Amino acid sequence: MQDIVKEDDILLEVRNISLSFGGVKALEDVSFDIRKGEVRAIIGPNGAGKSSMLNVINGFYHPQEGQIWFNGQLRNRMKPHQVAKLGIARTFQNIALFKGMSTLDNLMTGRYIKMHSNLFAQMIWKGPAQREEIEHRQKVEEIIDFLKIQSIRKTPVGKLPYGMQKRVELGRALAAESKLLLLDEPMAGMNLEEKEDMCRFVLDVNEQFGTTIALIEHDMGVVMDISNRVVVLDYGKKLADGSPDEVRNNAAVIDAYLGVSHD
Amino acid sequence: MFYRESGDFKTSYIQDQQIFPILQDRVFVIAVIAFAFLVVPFLINDYWEKSVLLPVLIWSLAAIGLNILTGYCGQVSLGTGGFMAVGAYASYKFTTAFPELNMFIIVLLSGGVTAMVGVLFGLPSLRIKGFYLAVATLASQFFLIWLFNKVPWFYNYSASGQINAPERFVAGIAVTGPNAPPWATYLFCLILVVVLALIAKNLTRGRFGRSWMAIRDMDIAAEIIGVAPLKAKLSAFSISSFYIGIAGALFFLVYLGAVEPTEAFGIDKSFLVLFMIIIGGLGSILGSFIGAAFMFLMPVLIKNILVNGLGWSTDIVAHLIFMIVGGLIMFFLIVEPHGLAQLWRVTKEKLRLWPFPH
Ligand SMILES: Nc1ncnc2c1ncn2[C@@H]1O[C@H](COP(=O)(O)OP(=O)(O)OP(=O)(O)O)[C@@H](O)[C@H]1O
Ligand SMILES: [Mg+2]
């Protein structure tokens with residue numbers, strides 16, 4: 001995988017990102033890229049800055065220094081809802097579903113940026129609003145079938161078990177049909193069977209829909225299995241970047257994971 | 001049991017998206033609306049008009065308005081009374097300035113003015129949430145009432161400081177003023193309430209409603225799927241205020257006829273409407289009607305039974321009513337935040353599966 005990459009193969013690139021909260025340096029001069037169509041893993045010990053990196057990418061945090069390039073263009077400072085329109089979707093480490101709504105409504109809400117009927121059409125309902133609703137309902141039903149969550153379609157998501165909530169959250173992110181999908185520990189807290197299902201879904205999304213995926217994951221087995229390339233963060237700095245095998249055999253990475261002192 | 005969904009399968013998304021997906025519900029609601037339009041106008045008298053029908057219709061409209069903001073979008077407001085006052089004073093200025101203007105247009109324009117004021121007072125919601133937002137809306141309540149008391153332009157420099165609804169006609173029939181026949185005032189309100197309730201239902205089940213609920217349930221997740229908080233919150237504030245403003249205009253023009261702002265639109269009204277949506281059901285249009293009817297009629301009923309029937313003293317009964325309302329509010333907040341509407345839904349679900357609950 002070390003061959004030379006053409007510029008337009010890169011979907012997203014972060015360059016020299018530094019982010020700090022008061023005295024805490026969450027990210028320090030971190031650079032890496034995500035190629036079109038790959039599964040890119042971001043790993044590192046607790047507090048390494050992985051989630052902060054995703055928050056920078058989708059506009060929740062604004063780094064003090066550095067640049068973000070998306071699709072070959074330097075991105076200006078953007079709000080999260082503007083980033084969504086660029087085609088970046090994500091899930092959260094702690095489930096962030098719309099608890100009061102059903103599975104179906106969560107997924108329909110995920111298509112917000114794809115729907116355009118105006119206030120007046122919405123008031124009348126019959127006509128454009130209803131047509132749009134049905135068109136998008138069909139798309140959402142495809143995702144429901146894909147994730148095999150037909151039976152919980154109308155269930156309020158607050159009542160679902162943890163593993164199912166994670167799956168619905170993936171569904172909501174998929175509903176946006178984004179170019180880049182950011183997954184923050186999609187398998188955390190799951191049992192083996194649920195993890196296997198989730199791995200399958202991630203790979204299928206990547207292969208069938210061609211979606212580029214960046215995921216944070218602690219389970220090294222999973223990371224080795226499903227990712228094309230891995231970037232390792234530790235104490236806010238990039239420690240290593242390369243194929244799963246390279247990373248696994250990297251001395252610095254082994255030290256970081258075994259907790260060897262940093263000097 | 002006839003209350004069955006069995007055999008009533010949905011074969012298209014259109015069927016699944018109906019307001020009342022169950023056939024029996026649909027028939028029942030259509031029957032109620034037909035009765036309200038075709039039968040009630042012939043039976044109505046002064047008592048039913050003033051003591052039951054008009055107030056329930058108008059409070060339902062205010063409750064729908066607050067429910068859009070609080071129940072659907074999650075922004076607590078204690079400014080309902082103040083926004084109703086905006087609607088009332090706007091309608092007063094419009095009717096006196098343009099005596100020839102159609103009353104429906106006057107009422108809708110008053111809602112429009114209130115919507116703009118609502119957006120203005122909704123701006124703090126972009127920065128503050130929950131309790132602090134409630135306090136900010138409380139401040140707007142007091143500010144607005146103060147304004148209408150203080151600035152003579154609003155009450156056309158009348159000596160009493162009150163505003164009085166002039167007599168106005170729709171198709172030659174008076175709908176405001178002392179000579180308006182009960183059936184006319186009732187139909188005037190009914191038409192507005194039915195149409196506006198339908199529009200509210202449409203808005204809340206579509207793209208806009210989902211963006212409000214997304215902000216209510218998890219605002220950061222709403223943002224990452226592309227909902228702009230500014231747009232969602234301010235649209236909720238403006239549409240909510242539109243409804244509340246129309247309720248205020250009707251309350252003044254059709255129901256009270258003469259208004260003194262502190263008394264008619266005080267903070268107690270803000271709480272009244274809030275209690276209506278808590279008891280009726282947060283995030284439910286049907287619940288807004290149930291809550292308004294319940295909160296307005298329950299005290300009347302209890303008073304009728306205990307004071308007129310059993311001869312209890314009025315102040316004991318008044319205290320009793322306070323206690324009952326307080327108890328109910330606590331019950332619903334703790335046990336069933338989706339209110340009476342949800343209790344009804346659960347009962348229906350049980351009935352649908354009866355006699356085989358599993
Ligand atoms: N909003 C914030 N305010 C202050 N400090 C923050 C904030 N967000 C993150 N941090 C700090 O930045 C550092 C990196 O946190 P981050 O959540 O990115 O770690 P992580 O790699 O995702 O860890 P984990 O594996 O536990 O999820 C931590 O020291 C954290 O305390
Ligand atoms: Mg994290």
Side-chain angles (χ1 to χ4, degrees), chain A residues 54-55 58-60 79-86 88-92 95-101 104-106 108-126 129-138 140-141 153-154 157-158 169 172-173 175-176 178 182, chain B residues 5 10 12-19 21 71-74 115 126 195-232 234-236 238-239 242 281-284 337-338 342 345 349:
Chain A
L54 293 199
N55 284 335
N58 73 219
F60 274 120
K79 297 219 171 78
H81 65 91
Q82 297 168 317
V83 175
K85 295 202 176 76
L86 286 182
I88 300 181
R90 84 171 270 190
T91 65
F92 291 85
I95 298 170
L97 282 171
F98 306 128
K99 290 255 157 50
M101 298 193 230
L104 183 63
D105 278 337
N106 268 274
M108 286 296 284
T109 316
R111 291 192 70 75
Y112 183 78
I113 49 170
K114 300 264 168 197
M115 300 177 79
H116 303 289
S117 75
N118 59 27
L119 184 67
F120 193 68
Q122 291 280 309
M123 284 163 59
I124 308 290
W125 191 256
K126 287 254 175 282
Q130 190 176 41
R131 241 175 288 135
E132 186 181 60
E133 195 83 4
I134 288 166
E135 194 185 309
H136 290 265
R137 172 77 187 267
Q138 268 155 0
V140 162
E141 289 290 341
R153 195 186 272 120
K154 296 275 172 84
V157 292
E169 202 187 8
R172 185 182 66 193
S178 60
L182 310 170
Chain B
E5 205 182 19
K10 309 290 178 294
S12 76
Y13 296 138
I14 294 200
Q15 288 176 6
D16 200 36
Q17 286 166 348
Q18 292 174 106
I19 298 180
Y72 284 95
C73 195
L126 303 173
V195 172
L196 287 168
L198 191 65
I199 289 176
K201 186 70 207 177
N202 287 343
L203 284 177
T204 51
R205 64 175 160 159
R207 196 168 82 92
F208 273 77
R210 285 194 295 264
S211 77
W212 295 333
M213 291 187 275
I215 290 284
R216 171 195 71 190
D217 284 351
M218 188 59 77
D219 52 359
I220 53 163
E223 277 194 80
I224 58 123
I225 58 168
V227 176
L230 176 97
K231 202 176 150 202
L234 291 188
S235 66
S238 69
I239 291 167
F242 179 75
L282 291 167
S284 161
H338 296 292
Q342 178 69 8
R345 216 172 296 140
E349 231 132 74

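Nothing here was measured: the structure is a model prediction, and the numbers come from that model. Per chain, numbering begins at 1; letters A, B, ... match sequence-line order.
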Contact class of [X] relative to chain B, heavy atoms under 4.5 angstrom:
| X | result |
| --- | --- |
| A:I88 | backbone |
| A:Q138 | both |
| A:D105 | both |
| A:I95 | backbone |
| A:H116 | backbone |
| A:F92 | side chain |

Short question: side chain of [X], backbone of [Y] - any donor-acceptor pair under 3.5 Å?
| X | Y | result |
| --- | --- | --- |
| A:E133 | B:G206 | no |
| A:W125 | A:Q130 | no |
| B:R216 | B:G71 | yes |
| B:R207 | A:M115 | yes |
| B:R205 | B:Q17 | yes |

Among the listed options A:K154, A:E169, A:E132, the residue most often paired with chain B at heavy-atom distances under 4.5 Å
A:K154
Flag this pair as yes if the NZ/CZ of A:R172 is under 6.0 angstrom from the six-membered ring centre of A:F98 and inside a 45 degree cone about the axis; otherwise no.
yes
Compare every heavy atom of A:A96 with every heavy atom of B:A221, then report the nearest pair and how far apart it is.
CB-O, 3.2 Å
Sort out for me which of [options] touches chain A most, counting heavy-atom pairs under 4.5 Å.
| options | answer |
| --- | --- |
| B:I239, B:I224, B:L203, B:I199 | B:I224 |
| B:G226, B:P229, B:S235 | B:G226 |
| B:G209, B:A222, B:S12, B:G283 | B:A222 |

Is B:I220 close to chain A through its backbone or its side chain, or both, or neither, when contacts mean heavy atoms under 4.5 Å?
both
Looking at A:K114 and A:E135, is any side-chain nitrogen of the basic one under 4.0 Å from a carboxylate oxygen of the acidic one?
no
